[in-house]
> 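Sharing a structure, written as C-alpha cells. Questions coming.
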There are 2 protein chains.
Amino acid sequence: MDVREETLRQATRLFAAKGFDGTSLKDIADVVGVRKPSLLYHFSSKDELRRSVIDALLERWNAVLPRLLMAAASGEDRFASLMRETVRFFTQDPDRARLLLREILDRPDDLAARLETHVQPWVTVIADYIRKGQEAGEVHADLDPEAYILQVVNLVVSGIAIGASLDRGMLPPSAVDEPADRHARELIRIARISLFTPEALARIAGGSETPKATSHDGAEASRTSP
Amino acid sequence: MDVREETLRQATRLFAAKGFDGTSLKDIADVVGVRKPSLLYHFSSKDELRRSVIDALLERWNAVLPRLLMAAASGEDRFASLMRETVRFFTQDPDRARLLLREILDRPDDLAARLETHVQPWVTVIADYIRKGQEAGEVHADLDPEAYILQVVNLVVSGIAIGASLDRGMLPPSAVDEPADRHARELIRIARISLFTPEALARIAGGSETPKATSHDGAEASRTSP
DNA sequence: CCTACCGATCGGTAGG
DNA sequence: CCTACCGATCGGTAGG
C-alpha cells in the first residue's frame with residue numbers, strides 16, 4: 001500500500017465530496033491510516049497536495065483525449081465517440097467532475113491557467129472540424145463553434161457533478177427511477193441535435209431506426225480533415 | 001444601514017466567492033463593520049446564517065418565476081421569455097448561480113429538499129406544456145421532457161456560475177472578447193433547437209431574418225394550454 | 001451591539 | 001513514518 005498513492009486517492013474523494021476547505025489533513029490521514037505529519041512528508045503542504053490531486057486528474061484526461069480523437073479519425077462516428085467517451089470519463093468517476101467544478105469555483109484563475117495548457121489545443125482542433133462541417137452544410141450555420149464546445153463541456157461536467165442530486169429536488173418522484181441513463185441520453189440528444197443540421201441527421205439514419213447501419217453515422221462534421 | 005440585511009448581502013457575496021467553509025464569521029463581520037458576536041445576535045449560528053442566505057435566494061426566485069409563466073401566457077413567446085428571464089435572473093447576479101452550485105455540491109440532500117418545495121411544481125407544469133408540444137408535432141418526439149428541463153436549468157445555472165472563468169482556459173485568446181453575450185446566445189440557441197422540431201422553427205420565422213415579425217415566435221410548444 | 005474569553009481544531013514544525 | 005508540540009484561528013458564550 002503506497003501511502004503517497006493512497007493519499008492522492010483519498011484526498012481526491014474527500015476534496016470532491018466536502019471541498020478543500022471542508023477537508024482537514026487529519027480527515028485524510030485518518031482514512032489513509034497514518035498520522036497527519038506523515039502526509040506532510042509526502043506533500044510539503046496541504047496546498048501542494050491539492051495541486052497534486054488536480055495534476056493527477058488532468059494527466060488522466062490528457063492521456064485519454066488524444067487517443068479518442070485518433071480513434072475517431074477512422075471509420076467511426078467522431079461526434080458520437082467523442083461524446084460517449086467524454087461522458088464515460090466523468091461518469092466512471094464523478095469525483096472528477098465534482099473536483100473540477102469546485103476548483104473552478106474556488107480558484108478560477110489557477111484552473112484556467114492549467115486548462116490553457118491541457119485542453120485549449122484540443123478545443124481549437126475540434127472547433128476547426130466544426131467549421132468544416134458548417135462549410136459542408138452539415139452543421140448549423142449559426143452555431144458558434146467555441147461557445148458550443150464550452151457549453152457542451154459545461155453540460156457534461158456539471159451535469160455529472162450534480163447528477164442525481166438535482167433529480168430528487170426538481171423532478172416528480174415518478175421520474176426518478178433510472179435517472180443516470182435518462183440524463184446521459186437526453187444530454188447526448190441535445191448536444192447532437194444542436195450540432196448537426198436536419199439534413200445531415202436525415203442523411204445519417206433516415207430517422208432513428210438504424211443509427212448504426214451506416215459507417216459514417218454522424219461523422220459528417222469532421223470527416224473532411226485529419 | 002440595517003445590519004441584518006447587510007449581513008445577508010455580504011454573506012451571500014462571500015459564500016458565493018469562497019464557499020461556506022472558506023468564509024469565517026470574522027470575514028463577514030469585518031465587511032459589515034461590526035464585531036463577530038454581533039452577527040450571532042442576528043443569526044444564532046453560522047449555519048442559520050447560511051440557511052437564511054439560501055432562503056432569501058429561493059424566495060426571490062419564487063417571486064419571479066410565477067410572474068414569468070403568467071406573462072408568457074399572453075401573446076408573447078413562452079419559451080423565449082422563459083429562457084430570457086431565467087438567464088437574466090442569474091446574469092443579473094452571478095452569485096446566485098455560484099451559491100446554488102456550491103450548495104448542491106456541499107449539501108445535496110438539503111438543497112434537493114428545498115427545491116422539492118420551490119421548483120418541482122413548476123417543472124411539472126413546464127413538462128406538461130412540452131408534452132402538448134410533442135403531440136402537436138412542434139417539439140421533438142424523442143425529447144425527454146423532465147430530463148430536458150433539468151439539463152437546460154443545469155446549462156444556465158452552471159454556465160453562468162463558472163462564466164468567463166472557463167473562457168480563459170479553454171478558448172483561444174482571440175475568442176475571448178465579449179464572451180458573456182456569445183455564450184448566452186449559444187446557450188439559448190442550443191436550448192431552442194433541441195426543443196422545437198425543424199418544421200415548427202420554420203413555421204415561426206422562415207429562417208432567422210424576421211424572428212420578431214410574428215406574434216407567436218417560438219411559442220408553439222406551450223400555446224395550447226393555460 | 002460591545003469586550004473578554006472559551007475549548008476545539010487548524011496547518012505546520014522539531015526532532016527523532 | 002512517529003510523538004510532541006506550536007501559534008493562529010475557528011464558532012460560539014458570558015455578561016453587560
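Throughout, protein chains are lettered first and strands after them, A, B, ... in sequence-line order, and every chain is numbered starting at 1. Note that the structure is a prediction, hence the values are computed from the model and not measured.
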> Here's a test of your reading of the structure: between B/R4 and A/F20, which maps to the more 5' nucleotide of DNA chain C?
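Result: B/R4.
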> In whole Å, what is the span from the NZ atom of A/K26 to the C1' atom of D/dC10?
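Those two atoms, NZ and C1', are 16 Å apart.
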> Find the distance A/K46:NZ to C/dT9:C1' and express it as a whole number of Å.
12 Å
> Is there a donor-acceptor contact under 3.5 Å from the side chain of A/S158 to the main chain of A/N154?
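Looks like yes, one N/O pair under 3.5 Å.
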> Among D/dC1, D/dC10, C/dT3, which nucleotide has an atom closest to any side-chain atom of B/R35?
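Closest nucleotide to the B/R35 side chain: C/dT3.
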> Checking contacts here: which listed nucleotide (D/dC1, D/dT13, C/dC10) is nearest the side-chain heavy atoms of A/S24?
C/dC10
> Establish, yes or no, whether the cationic atom of A/R84 lies under 6.0 Å from the six-membered ring centre of A/F79 and within 45° of the ring axis.
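Not flagged: A/R84 not positioned over aromatic ring of A/F79.
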> Between C1' on C/dC1 and CD on B/E5, what's the gap in Å once rounded to a whole number?
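Going from CD in B/E5 over to C1' in C/dC1 covers 18 Å.
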> Can a donor-acceptor pair under 3.5 Å be found between the side-chain atoms of B/K36 and the base atoms of D/dG12?
yes
> For a quick check of understanding: with a heavy-atom distance under 4.0 Å over all strands, which category does B/L25 fall into, base, sugar-phosphate or nothing?
sugar-phosphate
> Would you write out the dot-bracket form of DNA chain D, 5' to 3', with Watson-Crick and G-U pairs under 3.5 Å, [ ] for crossing pairs, | for pairs to other strands and . for unpaired bases?
||||||||||||||||
> Roughly how far apart are B/I130 CD1 and B/E146 CD, rounded to 0.5 Å?
8.5 Å
> Under 3.5 Å, is there a donor-acceptor pair between the side chain of A/R96 and the main chain of A/F89?
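Checked: pair present.
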> Rounded to whole Å, please give me the gap between CG in A/L40 and C1' in D/dC5.
14 Å
> Using whole Å, what does the distance between atom P of nucleotide D/dG11 and atom CD of B/E48 come to?
15 Å
> What is the distance, to the nearest angstrom, from the OH atom on B/Y41 to the P atom on D/dG12?
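Rounded to the whole Å, the gap is 18 Å.
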> Ion pair present between B/D55 and B/R114, side-chain N to carboxylate O less than 4.0 angstrom?
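Between B/R114 and B/D55 there is a salt bridge, with a charged N closer than 4.0 Å to a carboxylate O.
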> Whole angstroms only, please: what is the CG-P distance between B/L39 and D/dT13?
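Going from B/L39 (CG) to D/dT13 (P), I get 14 Å.
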> Honestly, is A/R50 close enough over A/F15, meaning NZ or CZ under 6.0 Å from the six-membered ring centre and within 45° of the axis?
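Relative to the ring axis of A/F15, which defines the angle, A/R50 lies outside at least one limit.
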> What is the separation between atom CG on B/D2 and atom C1' on C/dC1, rounded to the nearest whole Å?
13 Å
> Please check this pair: side chain of A/Y148 against backbone of B/I190, looking for a donor-acceptor N/O pair closer than 3.5 Å.
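No: the side chain of A/Y148 does not pair with the backbone of B/I190.
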